[in-house]
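Quick notes on the structure that follows.
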Amino acid sequence: MFKINENYLKLPGSYLFSTIGKKVKEFTEANPDKKIIRLGIGDVTLPLAPAVIDALHSAVDDMAKKETFKGYAPDLGYEFLRSAIAENDFKSRGVTIAIDEIFVSDGAKSDSSNIQEIFDANCKIAVCDPVYPVYVDSNVMAGRTGEYIADTGKWTNVIYMPCIKENNFAPELPKEQPDIIYLCFPNNPTGSTITKDALQKWVDYANQVGAVIIYDAAYEAYISEENVPHTIYECDGAKTCAIEIRSYSKNAGFTGTRLGFTVVPKDLKCGDVMLNSLWARRHGTKFNGAPYIMQAAGASIYTAEGKKQTMDQIAYYMNNAKVIREGLQAAGYSVSGGVNAPYIWLETPKGMTSWEFFDYLLNKANVVGTPGSGFGPSGEGYFRLTSFGTYESTLEAIERINKL
Ligand code: PLP
């Protein structure tokens with residue numbers, strides 16, 4: 001008789017976005033004449049850049065000809081893409097990453113949830129709080145997190161590292177020693193970043209205590225400030241303690257088409273065992289990875305036109321972020337983020353909880369955002385707005401909020 005993995009039953013469910021959907025549906029049904037503006041989504045809205053579309057067309061044509069047809073992609077990904085990554089994402093920042101340390105994937109969500117499989121079931125994890133929920137959820141499924149305590153919104157066997165106003169939304173080194181440390185900068189949902197000096201402290205700490213850092217840099221392309229590292233490998237010693245996860249979703253609009261990569265340095269070892277060799281055995285190596293067509297599209301963003309076109313898209317979103325940040329600041333809100341990330345994080349006013357503020361904005365301004373408490377217990381009292389809307393709708397949303 002088969003048995004299920006009972007850890008799945010521990011997951012509280014996708015409470016956040018299903019509740020938002022339900023509330024918006026009820027409101028729309030009751031108020032059909034009201035125009036809702038959504039500033040809550042974490043998905044991009046601009047179409048793929050022309051250079052990417054051209055590359056997709058030509059890759060499809062390759063598949064139509066015997067001479068250029070491609071079957072299963074190579075295990076780590078096509079060399080043309082991994083070389084472009086090594087050159088543009090790392091060498092240009094003074095970092096040497098070998099192409100056999102780069103593993104092309106179908107996106108950061110898969111890798112950030114699957115990477116825990118190469119670690120022992122008893123490893124203890126530490127996470128930023130609040131943060132992208134996938135790190136905790138995947139460890140719940142793997143049985144590492146203990147029990148969920150509904151009152152506190154915490155798992156008993158997880159080290160939470162609060163990222164709050166008092167520490168400028170960057171975590172402090174934990175008092176209890178973790179084995180696996182998940183860091184996400186620029187951060188979803190707070191939009192905060194970490195300076196190179198602060199990240200160096202984490203790298204030194206991980207090397208000292210023998211922990212591994214899983215560094216999610218999905219929003220790297222949004223960094224605008226000088227002292228903010230684009231990759232953890234800008235820090236000395238990171239290759240012996242850190243894995244970095246990247247995505248083409250937010251920098252090039254691949255949320256629907258899927259592409260990402262993960263760096264596992266060969267110097268990262270547990271005793272004599274290279275984590276790079278373990279990740280090379282990951283499941284889905286050939287079958288789940290990214291198809292040739294998408295890898296060709298990914299390579300196109302490293303061409304001169306691809307770079308320009310994708311940077312223009314980021315500039316568009318960041319201009320929206322500026323509208324939100326400055327508009328809300330002018331209205332007296334306490335706001336952070338939105339400088340190195342497409343996310344703006346605001347403190348809920350008048351002592352409202354995250355959900356009370358959600359209802360208030362929906363009812364009074366017909367604007368939908370995301371309650372901060374959905375990203376972790378320290379997100380209570382905060383609210384996330386995103387800059388992925390159109391410029392016009394972003395302006396209108398802020399005007400409406402300012403009139404409240
Ligand atoms: N990492 C973070 C921090 C994210 O916010 C997201 C998506 O919102 C992802 C990873 C997922 O990226 P992908 O679309 O490449 O799976």
Side-chain angles (χ1 to χ4, degrees), residues 14 16-17 20 38-46 48 52 77 81 85 89 102-116 125 127-139 161 163 169-171 181-194 213-223 228 230-232 242-263 282 284 288-291 294-295 297-298 301 310 313-314 317 321 337-338 340-345 369-370 372 374-376 379 384-388:
S14 64
L16 177 65
F17 289 101
I20 292 176
R38 291 175 191 271
L39 289 189
I41 47 157
D43 198 355
V44 292
T45 47
L46 293 174
L48 293 172
V52 173
L81 177 57
I85 291 169
D89 286 313
I102 298 168
F103 297 76
V104 174
S105 72
D106 67 341
K109 183 170 185 188
S110 323
D111 279 2
S112 61
S113 53
N114 293 336
I115 195 77
Q116 46 77 29
I125 68 159
V127 289
C128 297
D129 170 27
V131 83
Y132 180 56
V134 167
Y135 320 134
V136 171
D137 286 0
S138 54
N139 279 284
M161 306 183 293
C163 297
F169 304 99
I181 301 163
Y182 287 88
L183 294 179
C184 171
F185 290 105
N187 185 275
N188 175 12
T190 66
S192 69
T193 44
I194 192 163
I213 298 175
I214 313 289
Y215 193 70
D216 186 339
Y219 297 96
E220 166 278 329
Y222 289 82
I223 293 170
V228 178
H230 286 251
T231 158
I232 193 166
I243 290 172
E244 183 164 299
I245 296 175
R246 294 281 195 103
S247 165
Y248 292 94
S249 282
K250 312 296 164 92
N251 62 347
F254 285 25
T255 51
T257 40
R258 315 300 303 143
L259 191 69
F261 66 90
T262 289
V263 177
R282 72 206 182 285
N288 261 356
M294 282 320 301
Q295 296 196 39
I301 74 159
T310 50
Q313 296 196 337
I314 291 169
Y317 293 135
N340 299 293
Y343 299 126
I344 294 91
W345 193 236
T370 314
F375 297 95
R384 188 189 79 170
L385 293 175
T386 72
S387 61
F388 292 127

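Fair warning: this is a prediction, and the values are worked out from it, not measured in the lab. Counting starts at 1 for both ligands and their atoms, in listed order.
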- line: the protein heavy atom lying closest to atom 16 (O) of ligand 1 turns out to be R258 NH2, 2.6 Å
query: Between I115, T262, I125, which is the residue that forms a side chain to side chain contact (heavy atoms under 4.5 Å, CB included) with I214?
result: I115
- line: for atom 8 (O) of ligand 1, nearest protein heavy atom and its distance come out as K250 NZ, 2.7 Å
- prompt: Under 3.5 Å between some N or O of ligand 1 and some N or O of N188?
  reply: yes
R258 CZ: over 12 foreign heavy atoms closer than 6.0 Å: yes
Under 3.5 Å side-chain donor-acceptor pair for N188 and R384: yes
- request: For atom 14 (O) of ligand 1, grab the closest protein heavy atom and report residue, atom and distance to one decimal in Å.
  value: S249 OG, 2.5 Å
message: Less than 4.5 Å apart, side chain to side chain, heavy atoms only: is that true for Y132 and S112?
response: yes
message: Is any side-chain heavy atom of Y215 closer than 4.5 Å to one of T231?
response: no
query: How far is atom 4 (C) of ligand 1 from its nearest protein heavy atom, and which residue and atom name does that atom have?
result: Y219 OH, 3.4 Å
message: Need the ligand 1 atom indices (1-based, order shown) with element for anything under 4.0 Å from a heavy-atom of S247.
response: 12 (O), 13 (P), 15 (O)
message: Do N187 and Y343 make a side-chain contact, defined as non-hydrogen atoms from C-beta onward lying under 4.5 Å apart?
response: no
statement: K109 heavy atoms within 4.0 Å reach ligand 1 at atoms 11 (C), 12 (O), 13 (P), 16 (O)
- request: Return yes if a side-chain donor-acceptor contact under 3.5 Å exists between S110 and D106, otherwise no.
  value: yes
field: N or O pair under 3.5 Å between S112 and ligand 1
entry: no
- request: Note the single closest protein heavy atom to atom 1 (N) of ligand 1, along with its residue, its atom name and the distance in Å.
  value: D216 OD2, 2.7 Å
message: Show the atoms of ligand 1 that are less than 4.0 angstrom away from any heavy atom in C184.
response: 3 (C)
task: State, yes or no, whether a side-chain contact exists between L183 and D216 at a heavy-atom distance under 4.5 Å.
output: no
message: Looking at non-hydrogen atoms alone, which of F261, F254, Y132 comes nearest to atom 11 (C) of ligand 1?
response: Y132
query: Can you find an N or O of A108 that's nearer than 3.5 Å to an N or O of ligand 1?
result: yes
